[in-house]
There are 2 protein chains.
Amino acid sequence: MFYTIGEMAQKLNVAPSTLRYYDKEGLLPFVERSSGGIRMFKDEDMDWLRMLGCLKKAGMPLKEIRTFMDWSRQGDTTIGQRLDLIEKQRQSVLDQQKQLEDTLLMLDYKRWYYQTAQEAGTCAVHDAMPLDQIPERFRPLKEEWKKEQ
Amino acid sequence: MFYTIGEMAQKLNVAPSTLRYYDKEGLLPFVERSSGGIRMFKDEDMDWLRMLGCLKKAGMPLKEIRTFMDWSRQGDTTIGQRLDLIEKQRQSVLDQQKQLEDTLLMLDYKRWYYQTAQEAGTCAVHDAMPLDQIPERFRPLKEEWKKEQ
DNA sequence: ATACAACTTAAAGCCAACTTTAAGTCAAGC
DNA sequence: GCTTGACTTAAAGTTGGCTTTAAGTTGTAT
């Protein structure tokens with residue numbers, strides 16, 4: 001079962017031009033062509049494209065993804081390198097998760113800040129607010145800010 | 001207590017040119033100048049710059065951050081808009097967290113895949129591996145892939 | 001056989017977010 | 001007062017990741 005670039009793009013929810021760009025960048029060396037030169041995607045190509053999407057969402061640049069692809073094509077001698085790259089990226093995802101948690105706490109604080117301000121009709125309500133009226137979870141946040149200055 | 005752009009950049013671990021760029025883009029309208037035109041950062045400027053860094057790490061484009069900055073300067077009439085923006089960004093962070101979890105599962109699977117292949121000396125070890133030798137947590141992942149094709 | 005949508009390429013264009021360059025100014029130490 | 005390093009601006013350059021354009025080809029439906 002084969003798919004044209006348009007069909008595959010629809011399945012993956014990307015533009016056909018994106019897939020052509022990936023191909024040009026050497027990320028899709030496995031894609032076959034018809035006698036007339038039309039790209040023919042197979043079901044199994046999805047696996048790699050899904051992986052590619054995941055790595056991209058993990059913040060890996062296309063160049064590195066291409067390196068990974070190249071190693072995969074070189075066979076079993078590159079297993080170690082591929083494992084290293086995966087572990088590096090795994091660590092990067094863990095770091096990003098930690099970062100997002102910090103960001104979420106900050107956004108939760110700001111949300112509370114503006115909800116309170118909205119009820120009061122003014123941000124001035126926060127000017128002289130005693131510490132014990134600030135929800136507990138936000139207190140370390142304010143402390144940390146002071147400390148770092 | 002004032003800091004030059006170089007000192008502030010060091011504190012925030014960014015390049016001075018980045019802070020100048022942010023200033024040019026209207027993200028730092030509060031920064032004072034010496035009589036000679038040198039930027040003089042105050043301790044309290046850190047708060048906004050830290051927030052800016054957080055929003056950036058949450059994937060908010062500089063244009064939107066500037067909008068937020070502009071609203072802040074307009075006073076209490078824009079509290080609602082600011083709250084909406086914060087909530088929108090909060091949702092975006094929640095979505096990103098979900099995305100990173102999926103990506104982490106995929107990376108964990110790949111890590112196991114290459115660790116196993118490394119021990120066996122070849123990726124071929126996975127070709128005919130029965131489902132019950134694949135760690136449980138990765139099985140739904142493989143099922144899902146099949147389904148989507 | 002012809003029309004027509006979807007495919008092909010190479011090259012140029014675009015956007016965000018910086019970074020670099022060039023030419024000049026400021027200010028602290030000698 | 002002079003040197004020197006850090007600052008100033010405007011403008012141009014860079015990078016990554018596409019998207020668009022232009023000119024042409026393929027393949028399916030009638």
Side-chain angles (χ1 to χ4, degrees), chain A residues 1-42 45 48-49 51-70 89 92 96 99 103, chain B residues 1-42 45 48-49 51-70 89 92 96 99 103:
Chain A
M1 185 58 180
F2 288 106
Y3 309 95
T4 67
I5 199 169
E7 287 161 349
M8 201 59 171
Q10 206 159 28
K11 267 171 170 274
L12 294 164
N13 208 26
V14 299
S17 61
T18 306
L19 292 181
R20 288 197 193 98
Y21 171 68
Y22 290 168
D23 195 9
K24 203 178 65 181
E25 294 299 303
L27 272 68
L28 316 177
F30 46 77
V31 175
E32 296 179 34
R33 301 288 187 123
S34 75
S35 57
I38 306 281
R39 288 180 188 82
M40 295 162 69
F41 289 80
K42 300 177 295 297
D45 298 345
W48 168 249
L49 281 163
M51 165 114 181
L52 197 160
C54 256
L55 294 176
K56 234 169 50 69
K57 279 171 197 155
M60 190 185 278
L62 295 187
K63 261 186 196 171
E64 246 170 89
I65 299 180
R66 190 202 152 135
T67 301
F68 188 84
M69 177 82 243
D70 290 347
Q89 200 57 32
S92 153
Q96 285 178 69
Q99 179 56 62
T103 301
Chain B
M1 184 57 181
F2 289 105
Y3 309 96
T4 67
I5 199 168
E7 288 161 348
M8 201 58 172
Q10 207 158 28
K11 267 172 171 269
L12 295 165
N13 207 28
V14 298
S17 60
T18 306
L19 292 181
R20 288 197 194 98
Y21 171 67
Y22 289 168
D23 196 8
K24 204 179 64 178
E25 294 299 303
L27 272 67
L28 316 177
F30 47 78
V31 175
E32 295 179 33
R33 302 287 188 122
S34 76
S35 58
I38 306 280
R39 288 181 189 81
M40 296 161 69
F41 289 80
K42 300 176 295 298
D45 297 344
W48 169 248
L49 281 163
M51 164 113 182
L52 197 159
C54 257
L55 294 176
K56 234 169 52 67
K57 279 171 198 154
M60 192 185 276
L62 296 186
K63 262 187 195 170
E64 248 170 88
I65 299 180
R66 191 203 151 134
T67 300
F68 187 85
M69 178 81 244
D70 290 346
Q89 201 57 33
S92 153
Q96 285 178 68
Q99 179 58 60
T103 301

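The sequence lines fix the lettering, A, B, ..., with proteins before strands; numbering per chain opens at 1. Side-chain atoms are counted along with the backbone in the values below, which use heavy atoms only and exclude waters and symmetry mates.
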Q: Just jot down the side chain to side chain contact (heavy atoms under 4.5 Å, CB included) partners of A:Leu12, sequence neighbours excluded, or say none.
A: A:Met8, A:Val14, A:Leu19, A:Met46, A:Leu49
Q.
Taking side chain to side chain contact (heavy atoms under 4.5 Å, CB included) as the definition, give me every residue that meets it alongside A:Ser17, ordered by chain and number, with sequence neighbours left out.
A. A:Ala15
For [N], does either OP1 or OP2 sit under 4.0 Å from a side-chain N or O belonging to [X]?
X	N	answer
A:Arg20	C:dA6	no
A:Thr4	C:dA6	no
B:Tyr22	C:dA17	no
A:Arg39	C:dT8	yes

Rounding to a whole Å, what distance do you find between [X]:[atom1] and [N]:[atom2]?
X	N	atom1	atom2	answer
A:Phe41	C:dT8	CZ	C1'	13 Å
B:Glu64	C:dA16	CD	C1'	13 Å
A:Met40	D:dT28	CE	C1'	15 Å
A:Glu7	C:dA6	CD	C1'	10 Å
B:Ile65	C:dC18	CD1	C1'	14 Å
A:Asp23	D:dC18	CG	C1'	15 Å
A:Glu32	C:dC7	CD	P	18 Å
B:Met8	D:dC7	CE	P	13 Å

Q.
Applying a 4.0 Å non-hydrogen cut-off, can you work out what B:Pro16 is touching in the nucleic acid: base, sugar-phosphate, or nothing?
A. nothing
(Q) Could you work out, with side chain to side chain donor-acceptor pair (under 3.5 Å) as the rule, every residue matching B:Gln99, not counting sequence neighbours? (A) B:Thr103
Using nucleotides 19-26 of chain C, report all nitrogen or oxygen pairs with the protein that are shorter than 3.5 Å.
residue	atom	partner	partner atom	Å
C:dT19	OP2	B:Thr18	OG1	2.6

Q: With sequence neighbours left out, write down each residue that passes salt bridge (charged side-chain N to carboxylate O under 4.0 Å, His left out) with B:Glu32, or none if nothing qualifies.
A: B:Lys42
Listing, residues 57-68 of chain B side-chain donor-acceptor contacts under 3.5 Å, not counting sequence neighbours, or none:
residue	atom	partner	partner atom	Å
B:Glu64	OE1	B:Lys88	NZ	2.7
B:Arg66	NE	B:Asp70	OD2	3.1
B:Arg66	NH1	B:Glu25	O	3.4
B:Thr67	OG1	B:Lys63	O	3.1

Q. Is it the case that more than 12 heavy atoms not belonging to A:Glu7 sit under 6.0 Å from its CD atom?
A. yes
(Q) Minimum heavy-atom separation for B:Arg39 and B:Asp23, please, with both atom names. (A) NE-OD2, 2.6 Å
